[in-house]
Visitor: 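Here you go, one structure.
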Amino acid sequence: MKSTKYMNSLDDKSVEELQTELVNTKKELFNLRFQNATNQLDNTARINEVRKNIARILTAITKREWPGGAQPRTKKSRRIRFATGQGRR
């Protein structure tokens, strides 16, 4: 549930706002890694949460940058191409 709310909040932001949030989130991850190395971090699960948030932000940015809202091909479409003999040779 929490990740869905976070993704919805990202959908409301512009690309510039997403870029600044990405920078801030990467800084937070950097600080968390230092705290973990010096045994000052109590909640180590926060590192994984921040890493996933970075991936979510990058996904939101990528969605907006594709021309015409097109999405990249999925693994399924790739399997179909190779099964029909239309893939690389």
Visitor: Hydrophobic clusters here meaning ILVMFWY residues chained together by side-chain heavy-atom distances under 4.5 Å, can you tell me if Leu58 and Leu10 are in one?
Guide: yes
Visitor: Test side-chain contact (heavy atoms from CB on, under 4.5 Å) on Leu18 and Arg64; report intermediate values, then the result.
Guide: CA-CA 11 Å; Leu18 288 173; Arg64 296 212 173 103; 2.7 Å; yes
Visitor: Who clusters with Val15? Use side-chain heavy atoms, under 4.5 angstrom, across I, L, V, M, F, W and Y, and order the result by chain and number.
Guide: none
Visitor: I'd like a table of donor-acceptor pairs (distance under 3.5 Å, sequence neighbours excluded) in which one partner is a side-chain atom from residues 33-44, with atom names and distances.
Guide:
unit_1 : atom_1 : unit_2 : atom_2 : d
Thr38  : OG1    : Phe34  : O      : 3.1
Thr38  : OG1    : Gln35  : O      : 3.3
Asn43  : OD1    : Ala45  : N      : 3.3

Visitor: Kindly indicate whether the side chain of Tyr6, heavy atoms from C-beta on, has any atom under 4.5 Å from the side chain of Ile57.
Guide: yes
Visitor: Nearest 0.5 angstrom please: Arg56 CZ to Ser9 OG, how far?
Guide: 10.0 Å
Visitor: Considering residues at least two apart in sequence or located in another chain, which fulfil the side chain to side chain donor-acceptor pair (under 3.5 Å) criterion with Ser14?
Guide: Glu16
Visitor: Give me each pair satisfying ring pair (Phe, Tyr, Trp, His ring centres under 6.0 Å) with a member in residues 39-62, each pair once, sequence neighbours excluded.
Guide: none
Visitor: Identify, with sequence neighbours excluded, every residue that meets salt bridge (Lys or Arg N to Asp or Glu O under 4.0 Å) alongside Lys52.
Guide: none
Visitor: Connecting only ILVMFWY residues whose side-chain heavy atoms lie within less than 4.5 Å of each other, what is the rest of Val23's hydrophobic cluster?
Guide: none
Visitor: List for me each residue that meets salt bridge (Lys or Arg N to Asp or Glu O under 4.0 Å) alongside Arg46, sequence neighbours excluded, and say none if there are none.
Guide: Glu28, Glu49
Visitor: Applying side-chain contact (heavy atoms from CB on, under 4.5 Å), name anything that partners Lys26, two or more places apart in sequence or on another chain.
Guide: Leu22, Ile54
Visitor: Can you tell me how far apart CG (Leu29) and OG1 (Thr25) are? Round to the nearest 0.5 Å.
Guide: 9.0 Å
Visitor: Please lay out, stage by stage, how Thr4 and Asn8 fare under the test side-chain contact (heavy atoms from CB on, under 4.5 Å).
Guide: CA-CA 6 Å; Thr4 307; Asn8 289 339; 4.0 Å; yes
Visitor: Report the residues that fulfil side-chain contact (heavy atoms from CB on, under 4.5 Å) with Asp12, sequence neighbours left out, ordered by chain and then residue number.
Guide: none
